[in-house]
Amino acid sequence: MLCTLKLALFPKRLTNTRMDSERYNAREAEPKWQRIWEETGTFRTVNEDSRPKYYVLEMFPYPSGRIHMGHVRNYTMGDVIARYKRAKGFNVLHPMGWDAFGMPAENAAMQNKSHPAEWTYANIATMRAQLKSMGLSLDWSREIATCDAAYYKHQQRMFLDFLAAGLVDRKQSKVNWDPVDHTVLANEQVIDGRGWRSGALVEQRELTQWFLKISNYAEDLLAALDGLDRWPDKVRLMQANWIGRSEGLLVRFELAPGADSDAREVEVYTTRPDTLFGARFMAISADHPLALEQSKADPALAEFIAECRRMGTSVAVLETAEKKGYDTGLKVHHPFDADWTLPVYVANFVLMDYGTGAIFGCPAHDQRDLDFSNAYGLGNTPVVCPPGVDPATFTITDTAYDGEGVLINSRFLNGLTIEAAKEEVAKRLEAVAIGNRPQGKRQVNFRLRDWGISRQRYWGCPIPIIHCESCGPVPVSAADLPVVLPKDVSFDEPGNPLDRHPTWKHVACPKCGAPARRETDTMDTFVDSSWYFARFTDPWDTDEPTNPKAVDHWLPVDQYIGGIEHAILHLLYARFFTRAMQATGHAGQLKEPFAGLFTQGMVVHETYRAKDGAWVFPAELRFEGQGAARCAYKLGSGEEVEIGAIEKMSKSKRNTVDPDEIISTYGADTARWFVLSDSPPERDVIWTEEGVQGSSKFVQRLWRLLGELTELGGQVDLPLPAEISPAAAAIRKAAHGALIKVEEDVERLRFNRAIAQVHDLANRLSAAIGAIETETIGEDLRFAFREAASITIRLFAPMMPHLAEECWARLGQTVLGQTGPVSEAPWPIADPSLVIEDTINLPVQVNGKKRADLTIGREAAQSEIEAAALALEGVQRALEGKPVKKIIVVPQRIVNVVA
RNA sequence: GCGGACGUGGCGAAACUGGUAGACGCAAAGGACUUAAAAUCCUUCGACUUCGGUCAUACGGGUUCGAUUCCCGUCGUCCGCACCA
């Protein structure tokens, strides 16, 4: 646009017109190549192929409306890998789909009176076109959308299979209720006491829910993390913490006689049985059956329990909440001493859903117990004495001791280490029986809870269950799948439209035929994304969710790429689903879904704020000055706005840059190059206008450089002559050296380094061109130029595929025998011998400080190097006549003279 | 509170397994070309310097011939988990 306008205004600028025509025109070239790739099916992948497979996958997007820069970064990285692996001879699977169910579609429906399906499919169409304009090497023939009945019918089928396999549970439980979205949230979806999507403070409610029994696999999900050696340690650690394994002991405490209770005992779970002789009280949860029983005859206790329930579970509440308790008057016997009784409190800090909902309190060695004990005057008994402290004087007042030590005040445990004492207690309590059960039992506990998947929403996968008065919940028969969402729904009022639909839920019981009612809850959308990677391997199968042959062929995903925000939720669910699918015959031999995981950083941008506090888009601003003096002004009014912190691009802060605008202004290659260039891929990248312009300039520079190389390379493709000039050797060295490094960097996903290598190569080739006299170009130089052009194009082709195609096509006009697009060309083969030189440069240090450089034969003997190093002027000066003690020569690296 | 990561020029960053600290890019300064601008090309670019060097990888120690890299401590930033018994 700008160019043509200029030409119209200044028609006399003929020289510039010529210059303009020599510029690379991304706006013409990019759609052209995208069309060619599509028409020739360049990136279509066939399952039956003799080449080794490589499955590269980026986390599929939610069709929110338009793609953002985070998508551009994510999909560019995946595309570089896909294109590189394709060039390396792999049969690459690189599919794309849509995580299409979810709340925003319903919110949009409420606001715009449009149907969620309409909204979603329109967004998919927009975003598909946007992704295509990025030039991604995707196999669009495998595209899936999770909101298609063709997809979710398989999900319903797997739900039924999981149900039959005992992997589904229906139970009443306390759930996290999001009062804004009017739906239940899984534990994983509650962040700091708030809904992960709505940000609303989560409430506790009792509801009957469907659960997937992820806790069945807790042990395996934890243990298998060790084998995921191509996952970031951080993610593995986060998952391990989330699963939260602990080894402990179940201990039964008998109720002392005289208690008015049906219960005979209270069981506690402890990881510190060694501190049993430090016990001062027992505390049970407000939801513990014994507490509930006792409250029936004790109104004060009932009130206390109600108070506990009213208390929120948000961080703020928990941090400030006092440790409160209510003495039930009940007593329990100490397991090792029938004459020793402990009072039983109902306490607000004991959780019903961890362990047994009851603990014994050892104030001396647990801060929380100590706070409680001090508040209620229960005292404490130190039983672990820190090393070097006299047991006789060791006391605890305000700070519990939870470190290492030796047991004291503990009868038969005295003198033992903590570990030995734990073992001794376990052994003794296992040997004692109460009734026909031992008093103690070792138990491994997990923090991981089962995955509640019921959501009171419309736009999700219907749970294929029918509730019958007499038969209970009855699975829909597989032949009746899919249970399709009704289209005629209204979003006029809050709540679940499925539930208030006039006819949809009224069906006959599949078992007895009596009138019954459909389950109106739909599945958590994380279910949809827990198996899509498997569906991609054969998305055409209409009968089965997956084709086990295709699953076994393609999976695990060799390289999965996405944001760190999915470190627990999606990645843990997908790992669980893989196991559940395997148990039900849907996942072949697959153990883990993602062999390699990479979590990329975000795209961040400066924020701008007007005087009235409103956020301003960068596109609405012009900038003046630099550094501290840099200012931003609104384009229309000229009002100065405040330049704020660099933050994640977000619509609310208006610090976004629209990929479409960047692509139409600079081209997709520029955008791709920029998001890869500045920062390491796992770190955040700061989007700047200068940076994009830099990338754009480099696109033009490569276009010119390759034009020159192509021209200098000549018209024929003769072999390399025997006689090679130093200039030609230098060019070959630069090209092959860069090739070796780029290959290594791309393999290790260090795209920023790979890009630096391409820059460096361009600098070297420019310098080489500048240094030669055009008349003296011999066949050796021509060969070197042709070779350098061919290598360079293929090096940057994964990052900037359109530019590469244009350069490749131009080169193909001069070099005989080169046909086809660069997207189908093999990766160049490096010749390492070209990079090795006869003489090397060795830095020489004296006492660890560099004093000189030594240029010496590559294979020089140690004695030769030592003598030459000592003879250097810089070394002699630094030695100041001091005698040399020894000389360290690290071959090919460094010489250090120690004086 | 528990667990983890990180800290390098004006900025984004490199530096392999302990071996020349700052590759590459951005920004900046100077120059060439131009009536001028853009674009392009060339040069400079950690600090100090008596031009020999000296000091520099958050700070303080240690190991080593040699430390951005390994160890200990301090400070700071970020992330995850959090009444988990």
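In the text below, chain A, chain B and the rest are named by the order of the sequence lines, each starting its count at 1. All heavy atoms count here, side chains included; hydrogens, waters and symmetry mates do not.
Regarding Ile755(A), its CD1 atom lies at a distance of 12 Å from the P atom of rG25(B), rounded to whole Å. Across the protein-nucleic acid pair, Asn847(A) atom CG and rU64(B) atom P stand 15 Å apart, rounded to whole Å. Put simply, CD on Glu690(A) is 15 Å from P on rC11(B), counting in whole angstrom units. Distance CZ (Phe446(A)) to P (rA85(B)): 13 Å, rounded to an integer number of Å. Taking atom CZ of residue Phe698(A) and atom P of nucleotide rC41(B), one finds them 11 Å apart after rounding to whole Å. To the nearest angstrom, P of rA85(B) lies 16 Å from CG of Asp371(A).
Here rU57(B) sits opposite no nucleotide as a Watson-Crick or G-U wobble pair (both hydrogen-bonding atom distances under 3.5 Å). Remark: rG3(B) base-pairs with rC79(B). Criterion, Watson-Crick or G-U wobble with two distances under 3.5 Å. In this entry rG19(B) has rC65(B) as its Watson-Crick or G-U wobble partner, both defining distances falling under 3.5 Å. Both distances falling under 3.5 Å, in either a Watson-Crick or a G-U wobble arrangement, occur for no nucleotide opposite rA39(B).
The base of rC65(B) has none of its N or O atoms less than 3.5 Å from a complementary donor or acceptor on the side chain of Lys885(A).
Listed nucleotides rG3(B), rA13(B), rC41(B) differ in distance to Pro680(A); the shortest reach to its side chain belongs to rA13(B). Nearest to the side chain of Arg701(A), among rA21(B), rC84(B), rC41(B), sits rC41(B). The listed nucleotides are rC83(B), rA15(B), rU20(B); the one nearest the side chain of Phe349(A) is rC83(B). Which of rA39(B), rA85(B), rA23(B) sits closest to the side chain of Leu351(A) comes down to rA85(B). Distance from the side chain of Arg447(A) is smallest for rC84(B) among the nucleotides rC83(B), rA15(B), rC84(B).
Taking only side-chain nitrogens and oxygens, Arg851(A) comes nearer than 4.0 Å to OP1 or OP2 of rU54(B). At least one side-chain nitrogen or oxygen of Arg368(A) sits closer than 4.0 Å to the OP1 or OP2 atom of rC84(B). Residue Asn763(A) places at least one side-chain N or O closer than 4.0 Å to OP1 or OP2 of rG25(B). Distances shown here put a side-chain N or O of Arg683(A) below 4.0 Å from the OP1 or OP2 atom of rA13(B). In this structure, Lys234(A) does not reach the rG3(B) phosphate: none of its side-chain N or O atoms is under 4.0 Å from OP1 or OP2. Proximity of Asn752(A) to the phosphate of rA14(B): a side-chain N or O atom is located under 4.0 Å from OP1 or OP2. Considering only side-chain N and O atoms, Arg449(A) lies nowhere under 4.0 angstrom from the phosphate OP1 or OP2 of rC84(B). A sub-4.0 Å separation between OP1 or OP2 of rA15(B) and a side-chain N or O of Arg750(A) is present. The side chain of Tyr354(A) contributes an N or O atom lying less than 4.0 Å from OP1 or OP2 of rA85(B).
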*Decide salt bridge (charged side-chain N to carboxylate O under 4.0 Å, His left out) for Asp233(A) and Arg236(A); before the verdict, give the C-alpha distance in whole Å, the side-chain angles of both, and the deciding distance to 0.1 Å.*
CA-CA 5 Å; Asp233(A) 288 343; Arg236(A) 292 198 284 178; 2.8 Å; yes
*When you look at Glu267(A) and Arg252(A), which way does the salt bridge (charged side-chain N to carboxylate O under 4.0 Å, His left out) test go after all the steps?*
CA-CA 4 Å; Glu267(A) 192 168 39; Arg252(A) 298 160 69 198; 5.0 Å; no
*asked:* For a salt bridge (charged side-chain N to carboxylate O under 4.0 Å, His left out) check, start with the C-alpha distance between Glu247(A) and Arg245(A), then their side-chain angles and the critical distance, and finish with the verdict.
replied: CA-CA 7 Å; Glu247(A) 284 181 14; Arg245(A) 184 182 195 275; 2.8 Å; yes
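Comparing Gly848(A) and Ser246(A) along RNA chain B, the residue whose closest nucleotide (by nearest heavy atom) sits nearer the 5' end is Gly848(A). Of the two residues contacting RNA chain B, namely Asp678(A) and Ser695(A), the nearest-nucleotide position lying further toward the 5' end is that of Asp678(A).
Considering Phe281(A), Phe360(A), Tyr326(A) as possible partners of Phe372(A), the one that fulfils the ring-ring contact (aromatic ring centres under 6.0 Å, His included) test is Phe281(A).
When heavy atoms are screened at a 4.0 angstrom cut-off, Asp366(A) is found touching no nucleic acid atom at all. Residue Asn896(A) is in base contact, counting any heavy-atom pair closer than 4.0 Å across all strands shown. Within 4.0 Å (heavy atoms only), Leu237(A) reaches sugar-phosphate atoms of the nucleic acid but no base atom. Counting any heavy atom pair closer than 4.0 Å across all strands shown, Ser677(A) reaches no nucleic acid atom. Using a 4.0 Å heavy-atom distance criterion, Val844(A) is classed as making no nucleic acid contact.
Relative orientation of the His365(A) and Tyr401(A) rings is perpendicular, given thresholds of 30° and 60° on the angle between their planes.
Lys741(A) has no carboxylate O lying under 4.0 Å from a charged side-chain N of Glu744(A), or vice versa, which leaves the two without a salt bridge.
A gap of 11 Å separates the C1' atoms of rC59(B) and rG7(B), to the nearest Å. Separation of the C1' atoms belonging to rU68(B) and rU17(B) is 15 Å when rounded to the nearest angstrom. Across rC26(B) and rA5(B), the matching P atoms stand 34 Å from one another, rounded to whole Å. The same atom, C1', is picked in rC45(B) and in rU50(B); the two are 24 Å apart, to the nearest Å.
Two residues are said to be in side-chain contact when any heavy atoms from C-beta on lie closer than 4.5 Å; Leu739(A) and Thr792(A) fail this criterion.
Leu854(A) CG to Ile865(A) CD1: the interatomic distance, rounded to the nearest 0.5 Å, is 7.5 Å.
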